[in-house]
Amino acid sequence: MKVLLMHEDRDFDPQATLPAQADTLTQDLELDTLFDAMADGDEFLRDVARSAILQSLASAKEIVRRQQALRDCEQHRPAIDMLYKLAVDTLEEERKQMHFWFHNSASGTLSEGIGVLTRCHERLRALRQIADAQRQAGFQSLAFVELFEALHTQLDDAYLAEIARHLEELRFKYGTYASAQLGDGNKSFDWVLHRVPQERRGFWNHWLMHQPEIHAFDIAPRDEAGGNALEAVRNRALDVAAQAVGQAARQVLAFFSQLRIELAFYQGALNLKDALQAHGMTMCYPEPSASAGHSYEAKDLYDPCLCLTKQAAVSGNDVAARGIDLIFVTGANQGGKSTFLRSMGVAQLLLQAGLYAPAKTLAADPCSGLFTHYKREEDTHMESGKFDEELVRMDAIVDHITPGGMMLFNESFAATNEHEGADIAAEIIKVLLEKRVKVVFVTHFYELPLHFATPAHDNILFLAAERAEDGTRSHRIRPGEPSRTAYGRDLYARIFEKSATPTVYRPHGPTRPAS
């Protein structure tokens with residue numbers, strides 16, 4: 001039986017190979033903070049959350065299916081906690097009591113396997129009872145409805161009673177009955193294990209009834225070699241049964257393990273929402289677009305990692321980028337540009353994991369892959385300069401990005417002069433746009449946006465970090481044309497001229513790109 005709470009057609013594999021950009025995304029978007037909040041101190045939940053978020057879903061249908069399951073988890077949290085605890089307790093008990101796959105004898109494997117199945121038999125009954133109760137509790141998602149129906153159907157009373165009967169027979173209270181044929185050199189083959197005949201069952205029948213004439217032999221009490229030989233014969237007879245029981249035990253434990261994994265994902269999602277709501281932040285169920293065009297529209301989009309780090313509420317931004325392929329974010333230094341970029345990236349990942357989004361509303365198209373290219377510190381080993389290192393990372397991204405992807409740049413190619421950096425960045429952006437990759441570029445370059453501020457490019461959105469006349473930053477991003485300055489003078493005055501009145505720096509020349 002499959003769990004299928006995270007995928008429609010397969011169980012979720014937390015050990016699957018992650019995308020090539022997984023580590024870079026984790027670093028640039030500060031995802032470790034997100035994973036820690038989802039884990040709430042549980043490393044298992046953290047590992048599942050990391051794997052699931054970095055294994056993005058590809059289609060709107062898959063995303064909506066998972067969102068519906070999450071809604072059920074939210075609305076029926078006590079039942080989900082009960083299911084999760086049952087799975088965890090089952091696995092923890094077996095971890096302490098058995099390692100039957102390490103036995104080198106059929107009798108040992110059989111004995112341990114029977115022990116596992118006997119203990120799990122009661123767990124399966126409890127699981128069926130929970131499923132029966134929740135079938136009437138109003139679960140709406142296809143994932144949970146199908147799971148509960150499968151548990152109700154496949155673990156009915158007749159099936160559980162049959163399991164109990166088989167386990168009782170496999171204890172061989174009345175001896176082991178088997179047959180074999182003799183081949184060359186009197187070597188046995190074709191072993192068959194038989195049920196104990198009915199007339200041989202029961203204490204009095206076994207010992208007092210008339211016994212048919214049989215061939216028999218006795219082993220002396222101290223004949224250790226004879227006992228070992230007889231045990232070897234018995235193991236030959238039990239081998240097929242032992243393998244079957246061992247496999248059945250593994251399958252039952254695998255089911256509980258998979259149930260734990262997939263419920264852990266939803267437990268992590270609920271933990272994340274709890275952590276953010278504790279600071280007054282809202283989360284929404286984002287709307288994945290099924291259209292072929294690029295779209296990203298949000299209300300009060302914020303960076304959850306910043307909120308979790310500061311342990312306080314943070315401001316959000318609105319984004320209206322329907323049909324937009326390229327977004328430039330410019331404006332004042334320390335005005336919130338990088339935070340805004342990170343909020344877009346984290347929200348995209350959460351949307352494509354089928355989770356809540358950090359916003360009041362969010363509608364966006366799933367991308368084929370999310371990539372980041374952020375500025376880095378100087379190579380401490382002096383093997384290359386910063387600009388070389390930036391180009392090497394960009395080359396690696398080109399090897400993996402595909403049409404329909406999303407590319408986030410943060411002050412990229414700033415390690416050279418503005419003219420060269422803007423020209424190189426523009427050429428890269430043009431190629432990405434030709435390949436239908438959505439691009440969001442945070443930059444302090446003035447020349448770079450000018451490459452695209454022409455009537456020929458009508459699918460571009462220019463955003464800018466908001467700054468008051470006195471130099472105050474609101475950390476909000478608004479529609480705005482690129483400026484020649486990043487207002488570094490404000491920061492200089494604040495840090496080095498604390499006693500002086502802040503200087504209002506007014507740049508010379510036009511502040512709007514020529515059309």
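The model shown is predicted, which means the values in this text are computed figures rather than measured ones.
- Although no hydrogens or angles enter the test, the distance criterion places a donor-acceptor pair under 3.5 Å between the side chain of Asp72 and the main chain of Gln140.
- Remark: side-chain polar atoms of Gln352 are paired, donor with acceptor, to backbone N or O of Leu57 under 3.5 angstrom.
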Test side-chain contact (heavy atoms from CB on, under 4.5 Å) applied to Ile53 and Phe35, step by step | CA-CA 9 Å; Ile53 288 176; Phe35 302 149; 3.9 Å; yes
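- Side-chain contact between Asn410 and Asp28: absent, with no pair of heavy atoms (C-beta onward) separated by less than 4.5 Å.
- Contact check for Phe328 versus Ile429: side-chain heavy atoms found under the 4.5 Å cut-off.
- Residues Phe413 and Thr443 fail the side-chain proximity criterion, which asks for heavy atoms closer than 4.5 Å.
- With rounding to the nearest 0.5 Å, the separation of CD in Gln75 from CD1 in Ile80 is 11.0 Å.
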Evaluate side-chain contact (heavy atoms from CB on, under 4.5 Å) for Asp81 paired with Gln267, printing each intermediate quantity in order.
-> CA-CA 8 Å; Asp81 290 342; Gln267 292 278 16; 3.1 Å; yes
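- A donor-acceptor pair under 3.5 Å links the side-chain atoms of Glu262 to the main chain of Phe12, judged by distance alone.
- Note that CG of Leu306 and OG of Ser343 are 10.0 Å apart. Values are rounded to the nearest 0.5 Å.
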Worked check of side-chain hydrogen bond (donor to acceptor under 3.5 Å, both in side chains) between Glu447 and His419 = CA-CA 7 Å; Glu447 288 189 29; His419 181 70; 3.1 Å; yes
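- Considering Asp32, Asp23, Asp36 as possible partners of Arg50, the one that fulfils the salt bridge (charged side-chain N to carboxylate O under 4.0 Å, His left out) test is Asp23.
- Here the side chain of Asp318 pairs a donor or acceptor atom with the backbone of Asp300 at under 3.5 angstrom.
- The distance from atom SG of Cys73 to atom CZ of Phe265, rounded to the nearest 0.5 Å, is 9.5 Å.
- The pair Glu62-Arg65 fails the salt-bridge criterion, with no side-chain N (NZ, NE, NH1 or NH2) lying under 4.0 Å from an Asp/Glu carboxylate O.
- Across every non-hydrogen atom of Lys273 and Met283, the tightest pair is CA-SD, 3.9 Å.
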Take Gln311 and His279 through the test side-chain contact (heavy atoms from CB on, under 4.5 Å) and record every step on the way to the result.
-> CA-CA 7 Å; Gln311 293 290 292; His279 301 297; 3.5 Å; yes
Passes side-chain contact (heavy atoms from CB on, under 4.5 Å), Leu349 versus Leu31? Steps please.
-> CA-CA 10 Å; Leu349 284 177; Leu31 296 178; 3.7 Å; yes
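- Between Phe139 and Phe148, a ring centre-to-centre spacing shorter than 6.0 Å is recorded.
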With salt bridge (Lys or Arg N to Asp or Glu O under 4.0 Å) as the test, would you mind laying out the steps for Arg95 and Glu92 before giving the verdict?
-> CA-CA 5 Å; Arg95 184 187 68 82; Glu92 183 62 21; 2.6 Å; yes
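- Side-chain contact check for Pro482 versus Leu450: every heavy-atom pair is 4.5 Å or farther apart.
- Taking both residues in full, the closest heavy atoms of Ala422 and Leu448 are given as O-CD1, 3.5 Å, listed atom of the first, atom of the second, then distance.
- Side chain of Arg478 to backbone of Leu463: no donor-acceptor contact under 3.5 angstrom is found.
- Side chain to side chain, Thr402 and Ser368 meet the donor-acceptor criterion of an N or O pair below 3.5 Å.
- Shortest non-hydrogen contact noted between Ala52 and Met6 is CB-CE, 3.9 Å.
- From Ile397, atom CD1 reaches atom CE of Met394 across 4.5 Å, with rounding to the nearest 0.5 Å.
- Interatomic distance, Leu4 CG to Asp9 CG, rounded to the nearest 0.5 Å: 8.0 Å.
- Between Pro358 and the choices Thr282, Asp303, Leu350, Leu272, the side-chain contact (heavy atoms from CB on, under 4.5 Å) rule is met once, by Leu350.
- A salt bridge does not link Glu390 with Lys375: every distance from a Lys NZ or Arg NE/NH1/NH2 to an Asp or Glu carboxylate oxygen is 4.0 Å or more.
- Taking the side chain as every heavy atom from C-beta outward, Tyr302 and Thr339 never approach each other to under 4.5 Å.
- Put simply, the side chain of Gln55 gets close to the backbone of Asp13: a donor and an acceptor are under 3.5 Å apart.
- In this structure, a donor-acceptor pair under 3.5 Å is present between the side chains of Glu411 and His444.
- In this structure, CD1 on Ile460 lies 12.0 Å from NE2 on His451, to the nearest 0.5 angstrom.
- Between Leu45 and Asp40, every side-chain heavy-atom pair lies at or beyond the 4.5 Å cut-off.
- Pro286 and Leu355 make their closest contact through CD-O, 3.3 Å (heavy atoms, listed as atom of the first residue, atom of the second, distance).
- Ser257 places no side-chain N or O within donor-acceptor distance of the main-chain N or O of Leu253, the cut-off being under 3.5 Å.
- For the pair Arg123 and Phe256, the cation-pi criterion (under 6.0 Å, within 45° of the ring axis) is not fulfilled.
- A donor-acceptor contact shorter than 3.5 Å links the side chain of Lys438 to the backbone of Ser295.
- Taking both residues in full, the closest heavy atoms of Leu301 and Ala347 are given as CD1-CB, 3.7 Å, listed atom of the first, atom of the second, then distance.
- Between Pro14 and Asp47 there is no side-chain heavy-atom pair separated by less than 4.5 Å.
- Using modelled atom types, one side-chain atom of Gln348 and one backbone atom of Asp365 make a donor-acceptor pair closer than 3.5 Å.
- Remark: Arg322 CZ is loosely packed, at most 12 non-hydrogen atoms of other residues, nucleotides or ligands lying under 6.0 Å away.
- By the 6.0 Å contact criterion, CD on Glu287 is open, its count of non-hydrogen atoms from other residues, nucleotides or ligands being 12 or less.
- Between Val439 and Lys430 there is no side-chain heavy-atom pair separated by less than 4.5 Å.
- Side-chain contact, Gln21 with Thr24: no donor N or O sits under 3.5 Å from an acceptor N or O.
- Heavy-atom minimum distance, Arg260 versus Leu91: CD-CD1, 3.8 Å.
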